[in-house]
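One structure is given below, encoded as structure tokens.
Quantities reported herein were computed from a predicted structural model and do not represent experimental measurements.
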Amino acid sequence: MNPLRSLILAAAGNDVIRRVVATAPVSRDVVRRFVAGETTADAIGVTRRLVDAGLTVTLDYLGEDTTDEALAEQTVRAYEELLDALEAAGLASRAEVSVKLSAVGQLLDENLALRNAGRICAAAERVGTTVTLDMEDHTTTDSTLRVLAELRGTWPWVGAVLQSYLRRTEEDCVRLAGAGSRVRLCKGAYAEPAEVAFPDALDVDRSYVRCVNVLLAGDGYPMFATHDPRLVPIVDARAEFHGRKPGSFEYQMLYGIRPEEQRRLAALGHTVRVYVPYGVQWYGYLMRRLAERPANTAFFLRALTSRT
């Protein structure tokens with residue numbers, strides 16, 4: 001294991017370090033930059049500000065790899081509370097939710113995750129918004145796509161996430177590019193073995209562009225999650241080639257990353273959706289994101305020093 005990754009994972013499980021990070025003024029600034037807060041009210045407040053700036057939102061209640069059915073139930077109820085709050089605030093038409101199946105019981109039982117995700121989808125339908133299933137490491141890909149297919153039987157608008165660093169993803173894009181399908185394409189942030197994922201960053205980018213073309217040529221609604229300043233204009237050019245107008249696809253970026261670029265794209269008429277994480281498990285979320293690919297550490301540090 002990469003020594004830096006080992007260090008980050010050790011820090012993730014250390015309560016003393018967590019308290020230091022949580023209370024240090026500089027650390028709090030970092031957390032506030034990338035995480036909306038710990039409560040539903042915090043999430044609604046950030047959503048309101050982003051919507052007022054002309055952006056749309058997808059909200060992630062933090063938590064994953066749940067091996068306790070009671071915690072999975074707690075996650076479902078948190079999403080139900082969030083969706084009710086979005087409706088009450090008049091934000092449901094501009095904000096959806098993203099759900100990790102491992103947070104609602106996937107590691108315990110796939111059918112449990114399906115039932116719990118279905119409850120969240122029903123709540124989203126009731127308030128007039130949508131759900132996207134986050135993709136996690138490659139060992140869960142087939143399970144997640146099976147759950148997706150089941151959910152789409154009732155809620156055809158449920159979004160999928162595909163990761164361009166996986167060798168299989170171009171074929172998955174072909175299968176999921178049909179009419180009514182919503183697909184978020186990202187590069188992927190987990191540490192994966194070379195037999196299932198491209199180890200070279202350039203190959204990941206090439207795969208991303210191939211997948212962009214597949215999704216834009218299809219009849220679905222593509223959602224391009226990237227902060228890469230090289231890829232955004234490529235997506236623009238390929239959309240024009242495929243006759244895609246703004247509104248027939250969207251860009252997605254993480255909360256706190258390139259906010260000026262988010263606003264610039266929105267000002268051009270594009271739908272820009274900001275991925276907003278919140279919840280008490282923010283510390284583990286940040287640490288795991290760094291540990292999954294230690295190169296992310298430099299990415300987050302660069303983001304802190306750049307407002308563009």
Side-chain angles (χ1 to χ4, degrees), residues 1 5 8-9 12-13 34-35 58-69 71-72 74-76 78-79 96-118 120-121 131-152 158-169 171-173 175-176 182-199 204 207-208 211 223 225-226 252 254 275-279 281-296 299:
M1 180 180 288
R5 186 181 184 197
I8 294 170
L9 286 172
F34 299 114
V35 179
T58 186
L59 288 150
D60 171 24
Y61 177 72
L62 292 171
E64 56 192 83
D65 296 340
T66 297
T67 56
D68 184 314
E69 192 166 340
L71 289 177
Q74 178 182 313
T75 297
V76 175
Y79 274 108
E96 65 144 33
V97 297
S98 288
V99 177
K100 288 180 174 61
L101 290 180
S102 74
V104 295
Q106 186 180 36
L107 300 184
L108 293 168
D109 177 58
E110 186 176 303
N111 286 325
L112 172 64
L114 172 61
R115 291 193 301 273
N116 283 338
I120 297 170
C121 289
V131 175
T132 296
L133 298 184
D134 279 334
M135 192 63 76
E136 301 177 69
D137 73 84
H138 82 278
T139 64
T140 66
T141 301
D142 285 327
S143 171
T144 299
L145 293 179
R146 284 194 299 269
V147 171
L148 173 77
E150 289 291 330
L151 293 172
R152 283 184 168 178
V158 176
V161 176
L162 298 175
Q163 303 169 109
S164 73
Y165 70 170
L166 294 182
R167 298 178 184 275
R168 62 176 287 171
T169 296
E171 293 182 5
D172 287 332
C173 284
R175 286 191 288 270
L176 291 174
R182 298 169 59 247
V183 178
R184 176 196 300 155
L185 177 67
C186 64
K187 289 187 182 183
Y190 292 78
E192 301 282 18
E195 59 266 27
V196 300
F198 298 110
V204 174
S207 172
Y208 193 99
C211 292
M223 304 178 287
T226 182
Q252 296 192 358
L254 293 172
Y275 187 100
V276 177
Y278 79 101
Q281 295 192 46
W282 59 263
Y283 176 75
Y285 163 82
L286 287 178
M287 288 297 186
R288 278 191 296 273
R289 295 296 79 74
L290 298 180
E292 284 154 1
R293 186 171 284 185
N296 286 346
F299 174 71

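- Formation of a donor-acceptor pair under 3.5 Å by the Ser98 side chain with backbone atoms of Asp60 is not found in this model.
- Glu150 is linked by a side chain to side chain contact (heavy atoms under 4.5 Å, CB included) to Leu114, counting only residues two or more places apart in sequence or in another chain.
- Residues forming a salt bridge (Lys or Arg N to Asp or Glu O under 4.0 Å) with Arg152 (at least two apart in sequence, or on another chain): none.
- Thr144 and Gln106 share a side-chain donor-acceptor pair at under 3.5 Å.
- Pairs engaging residues 132-142 under the salt bridge (charged side-chain N to carboxylate O under 4.0 Å, His left out) rule: Lys100-Asp134, Asp134-Arg184, Asp142-Arg168 [sequence neighbours left out].
- Listed by chain and residue number, nothing satisfies the ring pair (Phe, Tyr, Trp, His ring centres under 6.0 Å) test with Tyr79 (two or more places apart in sequence, or in another chain).
- Annotation for Cys211 and Leu185: closest pair CB-CD2, 3.6 Å, computed over non-hydrogen atoms.
- Remark: Arg167 pairs with no residue by the side chain to side chain donor-acceptor pair (under 3.5 Å) rule, at least two apart or across chains.
- The OH atom of Tyr275 sits 12.0 Å away from the CE atom of Met223 when rounded to the nearest 0.5 Å.
- When all heavy atoms of Leu176 and Ala160 are compared, the pair lying nearest together is CD1-CB, 4.1 Å.
- The shortest heavy-atom contact between Ala72 and Asn116 is CB-ND2, 4.0 Å.
- When side chains are defined from C-beta on, Leu101 does not count as touching Thr140, because their heavy atoms never get closer than 4.5 Å.
- Considering every non-hydrogen atom in both Ala103 and Gly63, the closest pair reads CB-O, 3.1 Å.
- Scored by the ring pair (Phe, Tyr, Trp, His ring centres under 6.0 Å) test, Tyr208 finds no partners at all (sequence neighbours excluded).
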